[in-house]
Amino acid sequence: MAGKQATKTLKKEAAPAIGLFPYWVAAAGWAVPGLGHLLLKKWDRAAVFFVSIGALAVLGLASGGHLYSPDLSSPFDTLGFLADLCAGCFYLAARILGLGAFDIGQAWGDYGTVFFLTAGLLNLLCLLDAYDIAVGKKE
Amino acid sequence: MVRVGTIALTHFQAILLFAFFTSLVFAFLSRKTLNERLKYLLWAFLGFVLVAVALGWLMYPFPRP
C-alpha cells in the first residue's frame, strides 16, 4: 500500500508541467491552418499546411461548393458543418462574405463541397499534430 | 467541367489538384526528412490519381440516370 502511494507520488512529480500552451497551440492551429506549427517554430510544416489547406478551401469556394450550416435534424449535415468548421478562418471568412451558399443539388458545385470538407478535415489532423508536438509526443 | 470563376477545370484537373494538396499535407504530417516526404508525396499522389481513374473505369459500364 505504501509502495503504491510512493509510485503515484513519483509519477506526479516526474510528469512535466504542460500548462495550457498545447491547447493554445491547437486553438491557433484551428483558427489559422499552420499557425499552431508556426508557434512551435516548425516553419516548413506551417507554410505547407497553410498553403495546402488554404488552396483546397479557396478552390472549393471558387468551384461553387456548398457550406454546411448547423442542422441538428440531419446528422449528415451536422457532420458536414463540423468538418467545414474545422477549416477555421476560411470557414468564418466564407460565412461573413456570404460565400458557399450554393445549392448542393447543382452538380458543378459537388467537387467544391468536397474540397472544402477536405480542407477542414486536413486542418483537424494538422491541429492534432501540433498538439502532439506541443505535449512532446512528437518532434 | 467544374467552374472556377471564369476558369473551367476538367474533372481530371480537379482530381490532380485534390490529390496533390492532400498528399502534400499527409507527407508533411507523417514523414520527417525531405527525401522521405518527397517519396511519400509521389506515392500518395499516384495512389490517389490511379485509384480515382480505376474507379471511374469501374463505373463506366453503368449508365447515368
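Just so it is clear: chains get the letters A, B, ... in the order the sequence lines come, proteins before strands, and each one is counted from 1.
Residue-level contacts of residues 28-39 of chain B with chain A, in order of numbering, are B:Phe28, B:Leu29, B:Lys32, B:Arg37; threshold 4.5 Å between heavy atoms.
Counted within 6.0 Å of CZ on A:Phe50, heavy atoms from surrounding residues, nucleotides or ligands total 12 or fewer; the atom is thus considered open.
Heavy atoms closer than 4.5 Å to chain A are found nowhere in B:Phe20, neither backbone nor side chain.
There is no path of hydrophobic side-chain contacts, each under 4.5 Å, that joins A:Tyr91 to A:Leu121. Hydrophobic clustering (side-chain heavy atoms under 4.5 Å, transitive across Ile, Leu, Val, Met, Phe, Trp, Tyr) groups A:Leu97 together with A:Leu61. Taking hydrophobic clusters as Ile, Leu, Val, Met, Phe, Trp and Tyr residues chained together by side-chain heavy-atom distances below 4.5 Å, A:Leu92 shares a cluster with A:Leu124. Residue B:Trp57 is grouped with residue B:Ile15 when hydrophobic side chains (ILVMFWY) are merged at heavy-atom distances under 4.5 angstrom, including chains of intermediate members. No path of Ile, Leu, Val, Met, Phe, Trp and Tyr side chains, each step under 4.5 Å between heavy atoms, connects A:Leu128 with A:Leu79, placing them in separate hydrophobic clusters.
For the atom pair B:Phe21 CZ and A:Thr118 OG1, the distance stands at 12.5 Å (nearest 0.5 Å).
The greatest number of non-hydrogen atom pairs below 4.5 Å with chain B, out of A:Leu125, A:Ile53, A:Leu122, is found for A:Leu122.
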